[in-house]
Amino acid sequence: MSDNFDPEWLQLREAFDAPARSVPLALMLAEALPARPRIIDLGAGSGALFRWLAPYIGRTQIWTLVDADGRLLERAFLDIADAAERVGWTVTLPKPEVMLIHTPVGPWRVEAQLADLAEAPGNLKLDQADAVVSSALCDLVSRPWLDRMAAALNIPFYAALNVNGREGFSPPHRDDRLVAHGFRKDQRRDKGFDGRALGPDAPREMARAFRAEGFRVVTAPSPWRIPATPPTMVETLADGHAEAARRSLPRILHPRIEAWRRHRELQAARGVLRAQVGHVDLLALPAAMAQTARTIN
Ligand SMILES: C[S@@+](CC[C@H](N)C(=O)[O-])C[C@H]1O[C@@H](n2cnc3c(N)ncnc32)[C@H](O)[C@@H]1O
């Protein structure tokens with residue numbers, strides 16, 4: 001695994017992810033699943049997708065959270081337990097690696113699998129799963145990885161919050177294009193998944209890969225709209241763009257990137273910087289289940 005994901009960043013983005021996600025697509029997935037679904041969450045991080053999706057599935061369910069970062073998986077257990085207890089549900093640990101959340105609609109079982117997804121699908125227990133899900137992961141993977149995954153699955157594949165390249169800050173700045181160019185180059189850098197990362201091509205490439213295997217693919221927009229206040233998210237986002245641009249562009253351009261970053265930082269502090277980031281949620285259903293799918297975009 002080439003990149004680490006800061007737990008504070010995952011916590012910050014969760015508040016923007018939740019309202020962005022497509023509820024109709026989640027309900028379509030829930031409808032396609034059996035009575036007691038077993039779900040594998042790829043790149044689960046600190047468990048944000050579980051916290052959002054499990055209530056829409058709304059019945060007894062069994063999740064395996066897969067990630068290469070053990071700290072994030074530990075954090076996922078803590079954050080899931082906190083969220084459950086906040087709404088008054090009891091949490092038990094029948095084994096150290098298994099958590100049970102006792103909800104009014106039945107128990108939700110959560111397990112963790114520490115694994116490098118570069119080796120997926122070979123290291124996943126697909127024969128014991130009813131769906132493979134992910135969130136903010138598939139822009140990191142490569143085309144060969146995706147093709148292998150699509151060829152291995154005969155169960156639903158749900159991938160939320162895949163960037164589509166439609167992003168921008170406002171008000172405009174003369175070096176927006178330069179920073180965006182560097183950011184885009186960095187998005188396509190190999191992230192350890194067997195080749196160039198898909199970046200903003202992820203939605204289109206996922207649709208292609210799963211349609212080629214006979215799946216019915218449904219997509220829905222899930223954009224972030226980031227307001228000027230509070231400024232933490234928009235400032236973190238601008239900082240991340242500048243850092244990515246510095247990483248991928250020649251040194252001679254770094255002073256311009258730094259000037260852009262400082263300008264954006266001041267705008268964020270004055271409460272005038274906004275941003276939007278385009279995402280797409282995608283659901284691929286095997287042909288046999290596809291009659292439940294309607295077009296929603
Ligand atoms: C952008 S984060 C998304 C986390 C979570 N799904 C969410 O929506 O908050 C990407 C996640 O993928 C995990 N990841 C990246 N490369 C991985 C790999 N090769 N194997 C396993 N996990 C990986 C990271 O540790 C991180 O938790």
Side-chain angles (χ1 to χ4, degrees), residues 1-22 25-26 29 39-54 56 63-80 82-83 110-125 131-146 148-149 157-164 167 183 186-200 202-203 206 222-224 233 236-237 240-241 243-244 277-282:
M1 189 183 132
S2 61
D3 286 17
N4 288 319
F5 288 84
D6 178 9
E8 310 311 321
W9 162 243
L10 296 185
Q11 186 180 24
L12 180 62
R13 63 170 293 165
E14 185 170 358
F16 293 86
D17 288 345
R21 298 176 188 279
S22 166
L25 214 66
L29 169 66
I39 295 160
I40 297 179
D41 182 0
L42 305 181
S46 50
L49 180 59
F50 171 85
R51 286 187 287 283
W52 184 83
L53 186 55
Y56 287 108
W63 282 62
T64 305
L65 310 184
V66 187
D67 208 285
D69 188 334
R71 279 174 328 144
L72 288 179
L73 290 173
E74 276 172 31
R75 178 79 177 244
F77 267 45
L78 294 173
D79 288 358
I80 289 170
D82 279 354
V110 185
E111 289 185 38
Q113 181 186 350
L114 188 64
D116 185 354
L117 288 170
E119 290 158 29
N123 56 357
L124 303 175
K125 292 185 184 155
V132 169
V133 303
S134 69
S135 177
L137 177 81
C138 287
D139 41 352
L140 307 179
V141 308
S142 68
R143 193 176 157 136
W145 186 95
L146 201 54
R148 282 200 301 277
M149 183 62 71
F157 177 83
Y158 166 85
L161 297 169
N162 309 286
V163 292
N164 66 1
E167 69 219 353
F183 179 70
D186 188 69
Q187 276 187 317
R188 297 188 194 283
R189 177 171 53 82
D190 186 333
K191 307 288 192 326
F193 285 93
D194 192 18
R196 222 166 71 113
L198 293 171
M206 280 190 289
S222 50
W224 279 347
M233 180 62 168
T236 306
L237 199 68
H241 273 60
E243 194 186 319
V277 178
H279 294 119
V280 172
D281 289 0
L282 178 144

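In each ligand, atom 1 is the first atom listed, and ligand 1 is the first ligand listed.
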### Message
Is it the case that the side chain of E74 and the backbone of S46 share a donor-acceptor pair, with hydrogens and angles ignored and the cut-off at 3.5 Å?
### Response
no
### Query
Between the side chain of D79 and the main-chain N/O of A48, is any donor-acceptor distance below 3.5 Å?
no
Is [X] in polar range of ligand 1, meaning some N or O pair under 3.5 Å apart?
| X | result |
| --- | --- |
| G43 | yes |
| K191 | no |
| R13 | no |
| D67 | yes |

### Lys/Arg-Asp/Glu bridge criterion (N-O < 4.0 Å) met for D194, R148
yes
### Query
Is E8 paired with R75 through a side-chain N to carboxylate O contact shorter than 4.0 Å?
yes
Among [options], which residue meets the side chain to side chain contact (heavy atoms under 4.5 Å, CB included) test with [X]?
| X | options | answer |
| --- | --- | --- |
| L42 | L65, V133, L124 | L124 |
| Y158 | L282, L53, I39 | L53 |
| N162 | C138, S135, P200 | C138 |

### Message
As a check for students: among A136, S134, C138, A160, identify the option with a heavy atom nearest to atom 10 (C) of ligand 1.
### Response
A136
### Summary
Closest to atom 12 (O) of ligand 1 (heavy atoms only, candidates L137, D69, L117) is L137
### Query
Taking non-hydrogen atoms only, is A115 closer than 4.0 angstrom to ligand 1 via side chain, backbone, both or neither?
backbone
### Which segment of A48 sits under 4.0 Å of ligand 1 when only heavy atoms are counted
side chain
### Query
Going by heavy atoms in the side chains, are K191 and V141 under 4.5 Å from each other?
no
Under 4.0 Å from any heavy atom of [X], which atoms of ligand 1 are there?
| X | value |
| --- | --- |
| L72 | 25 (O), 27 (O) |
| F193 | 16 (N), 17 (C), 18 (C), 19 (N) |
| A68 | 20 (N), 21 (C), 22 (N) |
| S135 | 3 (C), 5 (C), 6 (N), 8 (O) |
| G45 | 4 (C), 27 (O) |

### Task
Carefully, step by step, assess D281 and S222 under the rule side chain to side chain donor-acceptor pair (under 3.5 Å).
CA-CA 6 Å; D281 289 0; S222 50; 2.7 Å; yes
### Message
Check for me whether A44 has a heavy atom closer than 4.0 Å to any atom of ligand 1.
### Response
yes
